[in-house]
Amino acid sequence: MISQGLFSGKLDPVLQLLSQVPLLHIYTSLNIAKPCPLTPSGFKLLGQAKTETNGPDCYESFNVSQDGLMGNKPLQELPPVVHPSLLIVTSYLKHCQDIVALINSTIATQLGLPADTFTSLQSPTQLSGTIIRFLKALASPRTEDLRTAFIHHADFGTITLLANVVGGLQILSPGKTPADESAWLWVKP
C-alpha cells in the first residue's frame, strides 16, 4: 500500500469526483437492462460476484481501462456523466504510472539490474490489462452484515496501487491458509 503522501493531492479530486458521481448513477446512465458480465472494464453490480461462503458480494465497481485513457485503443463506452471527469481520471492514472515506474526502478536497482529492467516491459503506451477500479463497499451497520465484501483474490499484473481512505483491506499472511481467520492481517489506510 502506498502512503497517501505520494499521491500529493492527486487523490482528492478523484475522491471528490466519486462523491459527486456515485457508481450507481454511472450504471443507470449506461441504460443497461441486465447485469454486465464480469469483465476488466465496465460496471459490476452489487452482489454479482460471490464471496468464499458462496454468498453475494457487498461491493459495486466501475473499471476504466488504461489503454482507452492513454489512446492505445478506443475508450470503452462511458456514460455522459463521466466524460467531464476524464481529465481528472487520466491525470490520476499518469501519476500512478509515475509511482509504479519509481517502484519498478527501485526494485530493479536493489536487485542489481539496470533501472529500466521492469519499466521497459510496462510502457503505458503499449496495450496492457491495466485498469483503474473504483470500488464502493456497502456500510455494514448490522452484525450479520459484518462479513467479507470482496472474495479473496490475487491481482493480476506486477504492482497494485491502492488508494484506500476508509480501511477494511486485509491480506493473507505468507504461507497461511485462507481458512485460518488469524492469518488475515489488516492493512492500515
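Note that the structure is predicted; figures quoted are calculated from it, not measured.
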Counting distance only, does the side-chain N/O of S123 pair as donor-acceptor with the main-chain N or O of S120 below 3.5 Å? no

Which pairs of donor and acceptor atoms, one on a side chain in residues 100-115, lie under 3.5 Å apart (sequence neighbours left out)?
{"from": "N104", "atom 1": "ND2", "to": "V100", "atom 2": "O", "distance (Å)": "3.4"}
{"from": "S105", "atom 1": "OG", "to": "A101", "atom 2": "O", "distance (Å)": "3.1"}
{"from": "S105", "atom 1": "OG", "to": "L102", "atom 2": "O", "distance (Å)": "3.1"}
{"from": "T106", "atom 1": "OG1", "to": "L102", "atom 2": "O", "distance (Å)": "2.8"}
{"from": "T109", "atom 1": "OG1", "to": "S105", "atom 2": "O", "distance (Å)": "2.8"}

Those residues at least two apart in sequence (or on a different chain) that pass side chain to side chain donor-acceptor pair (under 3.5 Å) with T177 are none

Test your reading of the model: is there a side-chain donor-acceptor pair from S85 to the backbone of I88, 3.5 Å cut-off? no

Considering residues at least two apart in sequence or located in another chain, which fulfil the side chain to side chain donor-acceptor pair (under 3.5 Å) criterion with Q66? Q97, S128

Once you round to the nearest 0.5 Å, how far does CD of Q76 lie from CG of L69? 7.5 Å

Heavy-atom distance under 4.5 Å between the side chains of T130 and D67, does that happen here? no

Nearest-0.5 Å distance that lies between atom CG in L93 and atom CG in L161: 10.0 Å

With the 4.5 Å side-chain cut-off for hydrophobic clustering, are M70 and L127 part of the same group? no

Approximate separation, where rounding is to 0.5 Å, of S173 OG and D180 CG: 8.0 Å

